[in-house]
Amino acid sequence: MTADKILYNLNEIFVPNDPGHPLRGDEMNKATVLKNGYIAIADGKILKVGEGSVPEELKSDKTKMVDLKGKTAAPGLIDAHTHLVYGGSREHEFSKKLNGVTYLEILEQGGGILSTQRATREASFEDLYNKTEKLLDHMMVHGVTTVEAKSGYGLNWETEKRQMEVVKKLDKDLPIDLVSTFMAAHAIPTDLKDNPDKFVDQVIEMMPKVVEENLAEFCDVFCEKGVFTADQSRRILKAAQEAGLKTRIHADEIESIGGSSVAAELKTTSAEHLMVITDEDIKKLAEAGVIGNLLPGTTFSLMADTFAPARKMLDAGMAITLTTDCNPGSCPTANLQFIMQLGCLAMKLTPIEVYNAVTINAAYSVARADKIGSFDEGKDADITIFDAPNLDYTLYFFATNLCSQVYKKGELVVENRQRLK
Ligand code: NIG
Ligand code: FE
């Protein structure tokens, strides 16, 4: 078979292994890095990657040869945890935050997620669509080709549904894939503040509709002090699994109240945040094969003391990913490259571990590893190109967008924005 398109002259190509399960522990520090490589694409899929000159048998008269001299390539980056669809924004809480008022205090005062909930309920489908499209543009120009997106700013069926419909339409309309997560269990609405179990019932009642209308693949819950208890989270996630949804859980973000144990017990696909996880719970997640979705940008933006103990997790044999958490409160950024750099600079992960985290492991975390996350033949030709001589450079030169091209299913969908004069 010959290629439609061949990207060649690439200084380095990151080629993860896909052993059929998320990479755990030491496996995360292994990958192949090709030098002076090429990527051959046919019908929007990966045909072959290799080193040195491009074999003649891959070429035909119609093959488009793309010279990417001196650049670096990786499988399209995957952001496995975001809260992308929301009304308003929260910069009005920024000074409070800088003056030491904590995230949970702001939420308790009716701000935080509840403030975004009010703005999201007021926003029309078009408002939400246009706003989310802008965020997705930022993500794409930073090299992201697939993104998970949660609802959770409606806290009632009407608005949760609108959020998920926005995700569905953007997935269809834009050259980036969206994986939808139902997260009505994101906060307790003010009118049910004194009766949270009633809200848990309401969330559970929404689940069959989510599945029937094909609005989401995953269900998530914010297990946190003052939000949902471990028992309530367990009830919600069990019901979600019975309804046919895959599950994940925000656990051990600010206070450790048992969310990770629930994740291990229910074998959720992933557990999110884990900033204050206990050693015992790390063991449980490793044994249960739950992926840790780590969000160092949230520690950074909350100005918190601790990053998730990534190294301990790897030592215990866990699989981890790195994600933005892109949301209007705890982590307002759409730049996954910066999160990857924090993976090195704040969590002391190696560049190989970081790239495995945002490619093959993130693909498992969003249940798409059969299609994306590596350069195995037949997977989608989702490719992120960096204007950088090697992978280390892309992590060492930080907080600057180094992404120069993005290919989605073999099509060029991002070209570097150029200075006009
Ligand atoms: O992952 N922790 C709960 N959810 C988000 C924050 C959402 C928000 O503050 O709007 C998070 O940090
Ligand atoms: Fe989150």
Side-chain angles (χ1 to χ4, degrees), residues 79-94 96-97 101-121 123 128 131-132 135 147-155 159-160 163 179-189 218-228 233 236 247-257 259-260 263 268-277 291-304 306-308 321-334 336 339 362 365-366:
D79 195 341
H81 175 139
T82 80
H83 306 255
L84 273 183
V85 189
Y86 59 84
S89 59
R90 306 233 286 276
E91 64 277 16
H92 58 275
E93 291 170 355
F94 192 49
K96 261 194 191 174
K97 203 170 138 180
V101 186
T102 69
Y103 181 83
L104 291 179
E105 280 163 357
I106 294 174
L107 180 61
E108 220 172 294
Q109 294 160 11
I113 294 173
L114 292 171
S115 139
T116 301
Q117 174 233 286
R118 290 186 289 275
T120 308
R121 283 189 185 180
L128 293 177
K131 218 164 142 54
T132 310
L135 284 177
V147 58
E148 184 257 15
K150 302 172 200 297
S151 69
Y153 293 119
L155 315 184
T159 312
E160 292 289 320
Q163 284 187 277
V179 179
S180 177
T181 296
F182 168 64
M183 198 182 176
H186 196 194
I188 317 275
F218 282 90
C219 176
D220 197 345
V221 51
F222 188 15
C223 181
E224 185 58 63
K225 186 174 165 217
V227 195
F228 295 93
S233 303
I236 290 167
T247 50
R248 25 174 119 264
I249 179 170
H250 281 60
D252 298 324
E253 178 176 353
I254 299 162
E255 305 247 347
S256 186
I257 63 156
S260 291
T268 58
T269 303
S270 62
E272 330 287 301
H273 288 288
L274 311 180
M275 275 146 70
V276 293
I277 191 171
I291 301 170
N293 278 347
L294 310 185
L295 306 87
T298 309
T299 299
F300 178 77
S301 167
L302 288 177
M303 297 173 279
T306 44
F307 287 90
T321 78
L322 292 168
T323 89
T324 59
D325 198 16
C326 179
N327 73 66
S330 68
C331 196
T333 182
L336 186 58
I339 303 306
S365 175
V366 297

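None of these values were measured; they are calculated from a predicted model. Counting starts at 1 for both ligands and their atoms, in listed order. We count residues from 1, following the sequence as given. Atoms considered below: every heavy atom in the structure, side chains included; atoms not considered: hydrogens, waters and symmetry mates.
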Applying side chain to side chain donor-acceptor pair (under 3.5 Å), which residue pairs with at least one partner in residues 79-90 are found, sequence neighbours left out?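 Listed once each, the pairs are D79-T324, H81-H83, H81-H250, H81-E272, H81-D325, H83-H250, H83-D325, S89-E91, R90-E93, R90-T116.
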
Salt bridge present between R248 and E148 (N-O < 4.0 angstrom): yes

In the structure I gave you, are the side-chain heavy atoms of F228 and I236 within less than 4.5 Å of one another anywhere? yes

Taking the side chain as every heavy atom from C-beta outward, state whether T306 and T299 have any pair of such atoms under 4.5 Å apart.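 Side chain of T306 against side chain of T299, heavy atoms only: no contact under 4.5 Å found.
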
Return the set of residues passing side-chain hydrogen bond (donor to acceptor under 3.5 Å, both in side chains) with K97 (not counting sequence neighbours), or none when no residue passes.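 Partners of K97 under the side-chain hydrogen bond (donor to acceptor under 3.5 Å, both in side chains) test: S301.
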
Exam field: side chain T120 to backbone G87, donor-acceptor pair closer than 3.5 Å: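 Judged by distance alone, yes, a pair lies under 3.5 Å.
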
Expected output: side-chain E253 to main-chain L274 donor-acceptor under 3.5 Å: no

What are the distances between nitrogen or oxygen atoms of ligand 1 and protein nitrogen or oxygen atoms, counting only those under 3.5 Å?
residue	atom	partner	partner atom	Å
ligand 1	1 (O)	H83	NE2	3.2
ligand 1	1 (O)	H250	NE2	3.0
ligand 1	1 (O)	H273	NE2	2.8
ligand 1	1 (O)	D325	OD1	2.9
ligand 1	1 (O)	D325	OD2	3.0
ligand 1	2 (N)	E253	OE1	2.7
ligand 1	4 (N)	H186	NE2	2.8
ligand 1	9 (O)	R90	NH2	2.8
ligand 1	9 (O)	Y103	OH	2.5
ligand 1	10 (O)	R90	NH1	3.0
ligand 1	10 (O)	R90	NH2	3.4
ligand 1	10 (O)	Y153	OH	2.6
ligand 1	12 (O)	E253	OE2	3.0
ligand 1	12 (O)	D325	OD2	3.0
ligand 1	12 (O)	S330	OG	2.5

Spatial distance of atom CG (L84) from atom OH (Y153) [nearest 0.5 Å]: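 Between atom CG of L84 and atom OH of Y153 there are 9.5 Å.
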
Spatial distance of atom CG (D220) from atom NZ (K150) [nearest 0.5 Å]: 4.0 Å

What are the protein N/O/S atoms, named by residue and atom, that sit under 2.8 Å from the Fe ion (ligand 2)?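 Listed by chain and number, the atoms are H81 NE2, H83 NE2, H250 NE2, D325 OD1.
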
